[in-house]
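Working notes for the structure below.
Quantities reported herein were computed from a predicted structural model and do not represent experimental measurements.
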Amino acid sequence: MRPRHPLLIFFAVTLFCLLPVMLFRDFTPDNELRYLSIADEAMEQGNVFAFTLNGEPYADKPPLYLWIVMLSRLLFGKHSMFFLSLFSLIPAFVTVAVMDRWMGRKDPLERIAYASLTMTSALVLGLSVFLRMDMLMCMFIVLALYTFYRMYEGEGNRRRQEILLPLWIFLALFTKGPVGVMMPPLVILVFLLLKKKGREVGRYLGWKTWGIIAALCAVWFTGVYLDGGRDYLNNLLFHQTVGRAVNSFHHKNPFWYYFMTVWYVTAPYCILLAGAVAASLSARRKERSDKEIFFSVSVVSTTLMLSCFSAKLAIYFTPVIPFMVMLFSEVELRTGWKRWMTWALTAVWGLLALALVSTLAAMAFLKGIPPVDLILAEYSFLTDHLVVFGIFLMAAGIVFAIVELWRGRHTMAITAGAAALILGAYSASFSITRINDWAGYGNVCATVPEGSDVVTIFVKRSANMKIYLGREVIDYEKDMERFRNEVMEPCLSGAKHLVVITSQDKLTSEEAFEDFMLEADHWHVGPWCVASF
C-alpha cells in the first residue's frame with residue numbers, strides 16, 4: 001500500500017504522539033519562563049520592540065518570537081503551552097516539507113523515512129516541542145536557500161522569488177539574530193564560487209535583495225530606538241552581536257566545539273550523517289550533482305562559520321541538520337546503499353538498544369542495590385508503568401529496525417527506528433505531570449500558600465517563579481551568609497513570616513541550614529524542599 005499523502009500522515013501521527021507533552025508539560029526555568037517574563041513586562045510597559053527582564057534591559061533576542069508569546073497571552077488570557085508549542089512543531093513540519101520537495105523523492109515510503117530521519121534527530125525532536133525560536137529560524141533559513149536554489153535552476157516565478165529571498169533572510173534575522181542573515185548569503189556565495197559563477201552573485205544578492213533587507217531592518221531599528229532609546233539600540237547592534245561573535249560573555253567555547261557536539265545533536269543517526277558528509281567531500285566533483293554540492297557547502301561552510309564565533313551552543317547547530325539529512329539523501333541516491341551505512345546505523349542503534357534493555361533489567365532485577373534504589377527513589381516517575389512500557393517499546397522497535405536493516409530493507413528500518421522513538425516517548429509522556437516536578441517550577445509553586453512572601457536560595461533563575469505566583473520572589477542565589485543574616489535569624493526569632501524554597505541537594509551544605517528548614521513546617525516536591533515560617 002502506497003499512501004497518496006505520506007507527509008500528512010507522518011505529521012498527523014507525530015502531532016498525536018507529541019500531544020501529551022504539548023498539553024501538560026511545564027515551562028522550563030532556563031529559557032521558557034524567561035521568555036514569558038519578558039513578554040509580561042513588555043505588555044505591562046506597552047513596549048513592542050525594546051524589552052526588559054526583571055526591570056533590566058534585555059536586547060539578547062529579536063522581537064518576533066516574543067511577539068508570539070505576547071499573542072498567546074492576549075488570545076487566551078494566559079500563556080498557553082500548547083499554542084506556543086505549535087510555533088516549534090509547525091516550523092519543524094514546514095522544514096521537513098520543504099526538504100521533501102527539494103530532495104524530490106517519489107516513493108512515499110522513502111519520503112516518510114527521510115522525514116523520520118530529520119524529525120527524530122535528537123536536537124530537532126527536542127526543539128519541536130520546547131519553546132525556543134531556533135526551529136522557527138531554521139525554517140526561514142531553509143526557505144531562503146530553497147528559494148535561491150530554485151532561482152539558480154530557473155524554476156518558478158523569478159520576480160516573486162526576488163522578493164521572497166530577502167524576506168526569508170530578514171525573518172530569520174528577526175527571529176534569532178545574526179546567523180539568520182549570515183548563513184544564506186555565505187552558502188550562496190561559496191556555492192557560486194565553487195561553480196565558478198562568482199560574477200553572478202549580484203543576480204541573487206544584489207541591490208534589490210540587500211535593499212529590502214535594509215528597509216525592513218530600518219523599520220525594526222527605528223521601533224527599537226523609539227521604544228528603548230540609543231543605549232538599547234547600541235546594546236542590540238553591537239554589544240549582543242559583536243560581543244558574542246568576537247569575545248563572548250556567555251557560552252564561550254573552543255573552535256572545535258561543533259565537531260564534538262554533532263555526534264549527540266544528530267543522534268541516533270550521527271555516524272550515518274557524518275559519513276555522508278565525508279563521502280560527499282571525498283568524491284570527485286564530476287560525480288556530484290549541483291544539489292549534492294550545494295548541500296555539502298551548506299553543511300561545511302555553516303559549521304566553519306559557527307565555529308569562528310566565540311559564543312557556541314549545541315542549539316546553534318540546528319540549521320545545519322536538515323542539510324546533513326538532504327546531503328545523505330543525495331549521497332545514497334548517487335552511490336546506492338552501502339555496507340558502511342548499515343554499520344553506521346547498527347552501531348548507534350545497538351548501543352541505544354543495549355542502554356534501554358540494561359535500564360529495564362536494572363529496574364527489574366537490581367532493586368535492593370543502593371545505587372539503583374537511590375536513583376529510583378529520587379526519580380520515582382521512572383517506575384510508572386507507562387514509562388517502563390515506553391522504554392520497552394523503544395528497545396523492541398530499535399531491535400526490529402536493526403533486523404530490517406540487515407535484511408536490506410533500509411527504508412523500513414529507518415521508519416521503524418524513528419517510530420520506536422516517537423511511540424516510546426508518547427507512552428512515557430503520560431507521566432509528564434509527575435516529571436514536571438523536576439522539569440519546571442509550576443508544581444512546587446502550586447504548593448505555596450496564597451499571599452505568602454517567597455524566598456529562594458540555591459534555585460536557578462527563581463525570579464521567573466513570578467509567572468506562577470503572581471508576585472516577585474526574593475532570590476538569594478548562593479549567598480548563604482546573606483541568607484543567614486536576613487532570613488534565618490529573623491525567622492528563628494519570629495520576626496519574619498515567609499516561605500523558603502531550596503534544593504534538597506543543598507540542605508546538607510551546613511547543619512544549621514538543614515535544621516532551619518526541616519524543623520519548620522516543610523514539604524518536598526521533586527528535587528525541592530519548601531518550608532513555611
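- The main-chain N or O of L117 is found under 3.5 Å from a side-chain atom of S121 such that the two form a donor-acceptor pair.
- Considering all non-hydrogen atoms of both residues, F430 and P20 come closest at CZ-CG, 4.1 Å.
- A distance-only check finds no donor-acceptor pair linking the side chain of W438 to the backbone of R434 [under 3.5 Å].
- Other residues, nucleotides and ligands place no more than 12 heavy atoms under 6.0 Å from the CE atom of M260.
- In summary, the aromatic rings of F483 and F513 are positioned with their centroids under 6.0 Å apart.
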Step by step, work out the side-chain contact (heavy atoms from CB on, under 4.5 Å) result for L36 and E32.
-> CA-CA 6 Å; L36 306 191; E32 295 177 351; 5.6 Å; no
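- Proximity of a side-chain donor or acceptor of S72 to a complementary backbone N or O of S80 within less than 3.5 Å is detected.
- With values rounded to the nearest 0.5 angstrom, L360 atom CG is found 8.0 Å from F392 atom CZ.
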Please list every donor-acceptor pair under 3.5 Å in which a side-chain atom of residues 415-424 meets a protein atom from a residue at least two apart or in another chain.
{"from": "T415", "atom 1": "OG1", "to": "T411", "atom 2": "O", "distance (Å)": "2.9"}

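- For the pair K176 (side chain) and L173 (backbone), a donor-acceptor distance under 3.5 Å is absent.
- Side-chain atoms of N443 and N436 include no donor-acceptor pair closer than 3.5 Å.
- Remark: E477 CD to D479 CG distance equals 8.0 Å, nearest 0.5 Å.
- Within 6.0 Å of CZ on F259 lie more than 12 heavy atoms contributed by other residues, nucleotides or ligands.
- The nearest pair of heavy atoms linking V129 to R25 is O-NH2, 3.1 Å.
- With hydrogens and angles ignored, the 3.5 Å screen pairs no side-chain donor or acceptor of Y35 with any backbone N or O of Y65.
- Using modelled atom types, one finds a donor on one side chain and an acceptor on the other under 3.5 Å when comparing T456 with D475.
- Aromatic ring centres of F76 and F82 lie farther apart than the 6.0 Å criterion allows.
- Atom CD in E472 sits 11.5 Å away from atom CG in D453 (nearest 0.5 Å).
- The structure places CG of N253 at 7.0 Å from CG of L313, a figure rounded to the nearest 0.5 Å.
- If you look at Y146 and W168, their ring centroids are not closer than 6.0 Å.
- Note on ring orientation: taking the six-membered ring where Trp is involved, the planes of F295 and F323 are tilted (angle from 30° to 60°).
- Classified by interplanar angle (parallel below 30°, tilted 30° to 60°, perpendicular above 60°), the ring pair F27/Y468 is tilted.
- Between D30 and K460, at least one side-chain nitrogen of the basic residue sits less than 4.0 Å from a carboxylate oxygen of the acidic one, meeting the salt-bridge criterion.
- Remark: the S532 side chain and the D521 side chain contain no N/O donor-acceptor pair separated by less than 3.5 Å.
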Go through the steps to decide whether N54 and E56 satisfy the test side-chain hydrogen bond (donor to acceptor under 3.5 Å, both in side chains), and finish with yes or no.
-> CA-CA 6 Å; N54 300 319; E56 298 295 322; over 6 Å; no
Chi angles and distances behind the side-chain hydrogen bond (donor to acceptor under 3.5 Å, both in side chains) call for T447, W523 = CA-CA 9 Å; T447 69; W523 55 95; 2.8 Å; yes
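- A donor-acceptor pair under 3.5 Å is absent between the side-chain atoms of T302 and the main chain of V299, judged by distance alone.
- Taking the six-membered ring for Trp and the full ring otherwise, F49 and W67 have centroids separated by under 6.0 Å.
- Side-chain contact of R34 with N31: a donor-acceptor pair under 3.5 Å is present, judged by distance alone.
- For the pair I271 and A347, the tightest heavy-atom approach, listed with the atom from each and the gap, is CD1-CB, 4.2 Å.
- Below 30°, between 30° and 60°, or above 60°: for H524 and H522 the angle between ring planes is above 60°, a perpendicular geometry.
- Donor-acceptor pairing under 3.5 Å is recorded for the side chains of S329 and R105.
- Atom CG of L84 is separated from atom CZ of R73 by 12.5 Å, given to the nearest 0.5 angstrom.
- Minimum heavy-atom separation, G440 to P29: CA-CD, 4.0 Å.
- A salt bridge links E41 with K466; the closest basic N to acidic carboxylate O contact falls under 4.0 Å.
- Residue R471 places its CZ atom among more than 12 non-hydrogen atoms of other residues, nucleotides or ligands, all under 6.0 Å distant.
- A donor-acceptor contact closer than 3.5 angstrom is absent between the side chains of W256 and S307.
- Without hydrogens or angle criteria, D26 side chain to Y441 main chain gives a donor-acceptor distance under 3.5 Å.
- Going from atom CE of M326 over to atom CD1 of I321 covers 12.0 Å, rounded to the nearest 0.5 Å.
- Checked against a 6.0 Å centroid threshold, the rings of F51 and Y58 do not count as neighbours.
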